[in-house]
Structures are given as C-alpha cells and as structure tokens.
Amino acid sequence: MVGAVIAGKYRIESLIGSGGMANVYKAYDEQEGRTVAIKMLKAEHREDTEFLRRFEREAKAVITLSHPNIVQSYDVGVDEKGVSFIVLEYVHGQTLKDYIKSKTYLSPKEAVDIAAKVLDALEHAHDMGIIHRDVKPQNVIISDNGLVKLTDFGIARDATSTTRTFAGTNVIGSAHYISPEQAKGEEVTAESDIYSCAIMIYEMLTGTVPFAGENTVAIALKHIQEDMIPPMDVNPKIPSALSDVVVKGAAKDPQQRYPSAAAMKKDLERALREPHGRFARLNSPNQEKSKKRSSRSIMMISVAIFGVSAVFAIVSMLTGLFTKSDDGGFLVPSLVGKSLEEARSLSELRGFKLEVGDYVISSEYPAGKVTKQNPVNGAKGQEGDVIKVEVSSGSGYAIVPDLTGRTIQEASLMLSEENLSVGNVGYDPTSDQPEGQIIRQEPAVDTRLSEFEAVDIWISGNETQQIEMPSLVGKNTDTVIKMLNSSGFEKVWIRLVQPKEGEIEETVQQQSPAANMSAGKNTLVELWINRSNPGNYCSDIAVNLDIPDKERSVAVTAVMGNGVEIVLYEGRVKEGTQQAVAFTASMRYGGEYECVAYVDGVEVKRIEAKFTLR
C-alpha cells in the first residue's frame, strides 16, 4: 500500500496501526496539503458481511460527530478497487494506555482532567444518538501538545437500535472494560459507555484494572458477578469522594450509574473540591450484584469456592494457622496501625474477613493505615466473621503557602507539593508590581485547607491568550524548542542536569509549567535538559548587583536566540549594594554571548561574556 494514491489524492506513506478489523495508514492529502490517517478494512474481511456492516457504521458515526475531543473525520469513500475507507484527523502522540504505563498511575487531578475530556466527547456522541461501546485507554490518544482525543468508533451503534453484544463466547468490546450488560448480551445504552469510562478511570488512578482473568469469558463473568475493590483500597492516595464516583460509575445495575456523561464529569470535578464528601456514595455494594446468574456460572463459582475452602482448611490444620481461644473460637488480631494490605492478610490468616467501613481524616496515622477496628484486638470470633476497620485518608488538610511575588507556574508547583491546586486566576492591569507576578491570593497564607482544594490568585498585568502546555518530557531538545516557538511561547529557560539512569542525552527530564496546564505566551517555560557535559568553552563571569531590603534569588543566563536562555548561575544573594556575583560558566560553543542577570525573576542587568576553549 505504501506509495499508493487513494481516491486520486491520498498518498499512503506508512502503516501506523492494525486492529482486528482494519489497518490504519499515515497518508498525505495532496489537495488539502495536510497529513491524515486512513482506515481501510483488512483484505480478509472485505467479503464478510458483518465486518462490512461494522465498518459502514463507523463511517456513519464519525461523519456525524464533530467535537474537539473526538478524532475528526474528513472523508469517507470507496477506492478504485471497491475497498471502503475513512479519512481521519492524524494525531501524533500516544495512547492513554501507554501513558499510564509510563507513569504507573496518574494523580487524581490529571486523571480527572483526562476523564472530563473523554466524558465531554461521550456526551456529544450520546447527544447525537451514538454509543461508542468500546471505551478503553487504547482508544484515547494523548497528542504531543496534550490534547485528549477519543477514537475508534468501529463498534459504535445508533442508540435507538436494539444492541446486543454477546453471542456464545464472542464478546464485542474489550473484556477488561466491558459493561455487565454487554457481557450478558443485553441491550446496550449510554450507561454502558459510562461503565467502561469508570473502569478506565480506575486504571488511571491505580495502574491496574479491577477485573482480570485467564481468558475473555472469565473476565466478562467477573464484570457480571464480582464486586469491585474500591480504587482507594488499591491506592490510598485517592480521595474517598473520587473513589466513590468511580464505584458509582461502574455499578452493576445501569440504573445506579450516572444518568449521563455530563453528570459523571460534574461529580469527578466536585470530588477534587470536596475530597472527603459523600455525595457519590452508593447505599450498599451488595445492591449492585446481579440477581440472575446462569446455572453454569453458579456451578463454576461453587466449585471454585469449595476448592479454595478445602485447601485453606487443610493448610490451616497442618500449620496451626488459626489462633484459637480456650473455648475453641478465634482471637481477633491487632490491626490498628497496620497498612490495609497487612491488615487484610492478617485477618484472612486468622480466618476472618476484612471490611473497610470508612476512610477518616487522621493526624495520628498516615494515609492507608488502620485507625480503628471492630471487634477489638483479643475479642473472640468465629471463622468467617467480619472485622470492620476504619482507614486513615491522611491528615486531610494542607497549609496554604505564600504565593505572592511568584509566577503562576511557580505557584502551581508549590501548591502541588501541598496537594493543592491553582483555582481561579484574576488579573490586575493597574498593579505597580512586575507583570506576571502574583499580587494577591485567597485563602491567605497559612490557612488550613482540605487536600486537593484550590487557591485563587491575582496576577499583575493583563490576561494574555492562554495556550495548553504540551507534554515535553522525554522529547529531544531541538524538537521541544520548535514546538514551543510554534505554540507562541516567547521565553524559555534551559537548565542542564545530569541524566538519570536510562535517560537519553539532550532530552527533557522535567518541565514547568506541567503538561496540559494553561499558560500565556509570556509565561516563562522552564526545561531541565539531560546533558552530561555542559561544554568545553568557559568564561569567568562577574556582575555586581544591588540587593535591596532582604536576601533575594539571583539568576544569570546566556541568550541563545528565539527566546531561549541557558541558566548559567542560580543562587541567593544577601542584602547590600553592589553585591558581587562571580562564577565560571561553560558552553558547548565558543564566542561572545549576551548574559542577563535577574533578581527575583526580574531582569536588572545585561553584560557580554566571551567563552574560550579550556
């Protein structure tokens, strides 16, 4: 296919993806002058009526939809050989699945930000009468500039049609994310997409899926029969309210889930503001269990339970596993202060079951540790009895730092360290403070807030056009500079750092502002670049600075052009007149460089420095 021209204008450049139904090619639209993606049905399926119907449904769906968080469709048609094709927006980036793997799991804020965009896309599709039916991280693309795009409507259906998806052992949709009604072959609705999205959020927050098994059918049965372990039980850093939203979104009964994607998005965002709220809590996990199971499923479960029970009983007798009281009962172990995982293992070892009653704020016990148990340590119980515990969700509060005089990106980093975030941003063009500096904040410094709450800030100067910060970590320096210049960012500082193990030279190790954060064109973008040797050309630099009233931070940079400056020196200088700042700096190339001195981020002096080989 490479080199072929489709429909007289799409020149195939390379194969970029292959699924069960179709191949996806990167192509160049010679009429429009743009790169596109072309999806074409595989040769072995072109005579298959079912695959042809599915491909036609996808073409109909993508043409119907138009949303910034859905991969855009440009054209559909049939090539000269009678093969149907769909022309789509070409998005360069990585799948959410790969992104999760690269980070193990995502922070609550980042997971909610991504999920909100996917839910926006689903809300649009549902409004247009389209059910996706295969929502999963593999079908969400994170572009190089941080945009979130839902793709692959290959098994989408019109919401008005009667949609059944399970025939024998063939499940349409991905087993790890499939809704119970899809697995049972029942009618699929918008709530099915919401379930799959909840499973996807679970994976973002924990790095794992809630149900796994040896094969597709085993996993599908777990979606039907088993209760989900709340994500906060897997990752104690997850706020209880956010965990509740995920559990509600993945309720077994569609009627217990959110009635719309928009409703789920609203609660996700509320969970960040009210991390310990109970607004999304279901009455009882047992109410979610399906009331009907096939006789074969019950038999399989019964055999499994019998086998596990028998093995456990034998091992117990042989090893003296249980600690018995004098009258033959079992003594409840001490669980307070232990991690949830340790408490669960110890309880099961003694023959008890563990149940988490609630997550509570605790200044005595760190997040994830048991704070209270019932029955208490030493009480008598019987095999199979339940020990209910409360678990610490952390201190539950954070102290607001002083943000005045800082830039918005500095404030974002400072707040994230306290599990807080930037809230509303206001601007004051009448302020006499340097443009871009924070002049006011609410709440005030040292205020105690619940974790994950937001702090509002006011910035000196006028509001500038906001740009979504692209993801730069791991990318080559030259590529990153071109991306930032094309995005309109006017000032970039580069700091040279030693590469960590496994990192590549001349790639970005860290960035500020963080990916997906909104920033103005005049925002200072800071990059930490992996470079083992800063260079063999050196210069002895000395500059005298007036430091008024208190110790201040000082930086000296070398101007490289295109708004890029390399940081040569950073430090704190005490108060005084004509304070000397002297150091030796290195560069990769020799010659004259203009150097800029900054005090608390404000330019105060420029000098020339000559770098020579040493």
Side-chain angles (χ1 to χ4, degrees), residues 107-110 112-113 237-242 266 268-279 359-367 392-464 466 469 512-514 516-520 522-524 526 547-555 570 572-575 598-602:
S107 69
K109 185 178 186 305
E110 188 173 18
V112 169
D113 285 345
K237 294 181 180 179
I238 299 169
S240 59
L242 184 55
K266 183 178 179 181
L268 281 173
E269 293 174 338
R270 183 180 176 185
L272 292 182
R273 299 191 303 270
E274 304 172 37
H276 302 291
R278 301 191 176 193
F279 51 86
Y359 281 76
V360 296
I361 295 172
S362 173
S363 57
E364 182 179 0
Y365 296 99
S392 170
S393 61
S395 62
Y397 63 82
I399 303 299
V400 176
D402 185 0
L403 305 177
T404 54
R406 304 287 186 171
T407 63
I408 188 170
Q409 60 264 42
E410 289 173 331
S412 177
L413 290 172
M414 291 172 67
L415 290 170
S416 66
E417 290 175 355
E418 302 293 335
N419 280 336
L420 299 172
S421 62
V422 175
N424 296 321
V425 179
Y427 293 85
D428 183 357
T430 65
S431 172
D432 58 0
Q433 296 301 307
E435 185 171 0
Q437 285 192 4
I438 296 172
I439 56 176
R440 186 159 66 91
Q441 67 182 76
E442 287 184 6
V445 179
D446 293 334
T447 299
R448 180 178 291 190
L449 294 181
S450 296
E451 290 180 321
F452 308 107
E453 286 196 59
V455 177
D456 297 337
I457 58 175
W458 283 260
I459 297 175
S460 176
N462 293 299
E463 181 177 6
T464 57
Q466 298 294 295
M469 192 69 191
S512 175
N516 304 320
M517 181 178 175
S518 295
N522 63 347
T523 298
L524 173 62
E526 298 172 275
I547 308 297
D549 59 56
K550 64 177 181 179
E551 182 181 86
R552 295 179 184 269
S553 63
V554 170
E570 284 184 289
R572 297 193 67 82
V573 178
K574 293 182 179 180
E575 172 189 357
Y598 296 88
V599 175
D600 280 351
V602 179

Between the side chain of Ser240 and the main-chain N/O of Gly277, is any donor-acceptor distance below 3.5 Å?
no
Rounded to the nearest 0.5 Å, the OG atom of Ser512 sits from the CG atom of Leu524 at a distance of 7.5 Å
Output for pair (Lys109 NZ, Leu415 CG), nearest 0.5 Å, gives 11.0 Å
Contact summary for Glu575 and Pro548, nearest pair of heavy atoms:
CG-C, 4.2 Å
List the steps and the verdict of side chain to side chain contact (heavy atoms under 4.5 Å, CB included) for Ile439 and Trp458.
CA-CA 6 Å; Ile439 56 176; Trp458 283 260; 4.2 Å; yes
Contacts of Gln433 meeting side-chain hydrogen bond (donor to acceptor under 3.5 Å, both in side chains) (sequence neighbours excluded), chain-then-number -> none
Return yes if some donor-acceptor pair links the side-chain N/O of Asp456 with the main-chain N/O of Asn424 below 3.5 Å, else return no.
yes
For Val602 and Gln437: C-alpha separation, side-chain torsions, deciding distance, then whether side chain to side chain contact (heavy atoms under 4.5 Å, CB included) applies.
CA-CA 10 Å; Val602 179; Gln437 285 192 4; 3.8 Å; yes
Hits for salt bridge (Lys or Arg N to Asp or Glu O under 4.0 Å) against Glu269, two or more places apart or cross-chain, chain-then-number order -> none
Could you tell me which non-hydrogen atom of Leu403 sits nearest to which non-hydrogen atom of Ile438, and how far apart they are?
O-CB, 3.5 Å
Would you sort out whether Leu268 and Leu242 count as a side chain to side chain contact (heavy atoms under 4.5 Å, CB included), showing the intermediate values?
CA-CA 6 Å; Leu268 281 173; Leu242 184 55; 3.5 Å; yes
Residues Pro239 and Pro108: closest non-hydrogen pair is CD-CG, 3.8 Å
Can you name the side-chain hydrogen bond (donor to acceptor under 3.5 Å, both in side chains) partners of Glu570, sequence neighbours left out?
Arg495
Across all chains, not counting sequence neighbours, the side-chain hydrogen bond (donor to acceptor under 3.5 Å, both in side chains) partners of Glu274 are Arg270
Minimum heavy-atom distance between Pro275 and Leu272, given as atom pair plus value:
CD-O, 3.9 Å
After noting the C-alpha distance and the side-chain angles of Val554 and Val599, does the key distance pass the side chain to side chain contact (heavy atoms under 4.5 Å, CB included) rule?
CA-CA 5 Å; Val554 170; Val599 175; 4.3 Å; yes
For Thr404, enumerate each residue passing the side-chain contact (heavy atoms from CB on, under 4.5 Å) test, keeping only those at least two apart in sequence or located in another chain.
Asp402, Gln441
Looking at residues at least two apart in the chain, or sitting in another chain, which of them share a side-chain hydrogen bond (donor to acceptor under 3.5 Å, both in side chains) with Asp600?
Arg552, Ser553
